[in-house]
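Excluded from the calculations below are hydrogen atoms, water molecules and symmetry mates; all remaining heavy atoms, backbone and side chain alike, are included.
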Amino acid sequence: MLLIVALALQATRVQVFQKDELDHNAANQRATIQRYSQPRGNLLVAGQPVTGSAETGGRYAYKRTYTDGALYAAVTGYSSQTYGNTQLEGVYDDVLSGTDPKLAGWAVWDAVTRQQQPGGDVVTTIDPAAQRAAVQGLGNQKGAVAAIEPATGRILALASTPSYDPGSFAGTSTADQNAWKKLQDDPDQPMLNRALRQIYPPGSTFKVVTAAAALASGVVTDVDAPTDAPYPYVMPGTTTPLNNDTSACNRAGLSLDEAMTLSCNSVMGYLGVQTGLDRMTAMAQNFGFNDAKLDVPVRAARSNFDTDMNESQLALSSIGQYDTAATPLVMAMVAAGAANDGQVMSPQLVDKLTKADGTQVQLMHPGLYHQAFGAGVARQLRQLMVDVVENGTGRNARIPGAEVGGKTGTAQHGVDNSGTPYAWFIAWARPAGSTAVPPVAVAVVVADSQATDVTGGGLAAPVARSVMQAVLNR
């Protein structure tokens with residue numbers, strides 16, 4: 001009798017009190033075997049799966065497969081039986097594997113029997129034409145694209161090049177391990193999501209933020225009126241003038257419109273200092289800078305705008321240099337805020353979650369991230385960006401039959417600015433004559449190219465144009 005009681009107590013201890021510990025013990029393969037005992041749910045683009053499952057004939061019955069894996073890798077991430085899950089594959093692993101309680105029909109019974117539901121699906125916001133245009137536009141260059149629907153925050157394209165095939169290491173074979181090692185050893189870092197997880201100095205594209213802050217704070221009230229910006233502009237507390245890239249900027253009293261169209265560092269640095277650190281910081285944060293928890297739902301890297309600077313550092317930061325750095329996602333939010341009357345929407349990569357039979361279990365709703373400025377400032381800002389495309393450095397972004405507003409950027413970096421400059425372009429577009437919110441805003445960065453014209457207008461603007469045109473054609 002004592003032995004029977006002891007066995008009952010031991011069984012209770014193991015099955016009840018040690019349940020969670022044993023379930024999550026690294027040596028316990030039962031949960032992993034069960035997880036891969038059925039096909040995984042899919043990630044959908046425009047209603048079509050861009051993922052699948054294949055029988056392995058091994059201990060783990062099914063492994064993940066990808067259609068056009070390299071095209072959508074920055075969106076999907078990977079699901080590997082050896083190396084785990086990342087990005088949407090990781091965030092929604094429970095839904096895709098069928099273990100999420102939201103998928104259960106009879107929750108209590110399923111909990112008792114530990115019955116695994118068929119894997120659910122994740123419906124993304126991606127526009128396949130825009131995604132393809134982004135990847136093809138970047139080509140062999142190292143760079144990234146983020147495109148957003150300004151009125152909702154839906155992410156229409158998310159591309160990072162060079163890319164990789166997440167299906168090449170989805171299993172447990174020697175070939176999978178070799179493919180993983182090759183990707184890890186690649187100096188071009190194809191597995192780095194440059195659209196979400198890499199920050200770059202934004203260069204002159206940040207001047208859109210500076211212009212917004214100057215207009216919203218009343219430092220500038222008329223974009224066509226002469227400013228008080230001197231030439232040369234010697235940064236406060238130094239003997240160093242803030243140089244311009246074109247001699248057309250080398251005169252005092254330029255208007256904000258002229259300064260944006262010509263991309264004049266001296267004027268925009270001066271206006272940033274006049275606006276002040278607090279107001280510049282607040283405006284930058286309206287667009288997502290300094291937010292360490294910007295989820296889409298994949299966590300984006302923290303874009304930076306320093307909150308403690310002297311005035312010379314603020315002048316440099318106001319033209320997108322010094323310590324200012326941003327992800328393409330955040331710079332797309334800048335363009336989208338200008339397009340959407342100052343309303344910056346929370347970026348979202350997923351529309352809804354469904355069961356395997358298509359039954360909806362969760363619908364994502366658009367949400368306001370910040371009201372950055374009012375509609376009046378937005379109108380002025382859009383006119384500045386249109387003038388950049390029509391009359392300034394952004395001419396390569398023009399689209400016949402469309403109104404396009406944008407801003408170029410060429411950001412210096414490296415020791416003594418010795419690195420190949422980062423070529424940026426941010427923009428929005430809508431059909432000519434339309435007064436509706438533009439259906440697309442985009443940010444492009446080319447981080448490394450063999451081209452001789454390493455400028456935002458020369459390298460990044462054509463990529464942005466092709467992405468926006470794909471959305472407008474839809």
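- Taking the six-membered ring for Trp, Tyr83 and Tyr78 have ring centres at least 6.0 Å apart.
- Summarising the local packing, CZ of Arg379 is surrounded by 12 or fewer heavy atoms from other residues, nucleotides or ligands at distances under 6.0 Å.
- Atom CG of Asp224 has more than 12 neighbouring heavy atoms from other residues, nucleotides or ligands inside a 6.0 Å radius.
- A donor and an acceptor atom, one from each side chain of Thr246 and Asn244, are nowhere located under 3.5 Å apart.
- With hydrogens and angles ignored, the 3.5 Å screen pairs no side-chain donor or acceptor of Thr161 with any backbone N or O of Leu138.
- Residue Asn140 places its CG atom among 12 or fewer non-hydrogen atoms of other residues, nucleotides or ligands, all under 6.0 Å distant.
- The pair Arg40-Asp93 meets the salt-bridge criterion, with a side-chain N (NZ, NE, NH1 or NH2) lying under 4.0 Å from an Asp/Glu carboxylate O.
- A donor-acceptor pair under 3.5 Å is absent between the side-chain atoms of Arg132 and the main chain of Leu71, judged by distance alone.
- A centroid separation of less than 6.0 Å is found between the aromatic rings of Phe206 and Phe305.
- Applying the disulfide bond (SG atoms under 2.5 Å apart) test to every pair with at least one member in residues 219-334, sequence neighbours left out, gives these pairs: Cys249-Cys264.
- Taking CD of Gln87 as the start and OG1 of Thr76 as the end, the distance is 7.0 Å to the nearest 0.5 Å.
- Without hydrogens or angle criteria, Thr205 side chain to Trp424 main chain gives no donor-acceptor distance under 3.5 Å.
- Residues Arg382 and Glu403 are not paired through a salt bridge, judged by the lack of any N-O separation under 4.0 Å between the basic side chain and the carboxylate.
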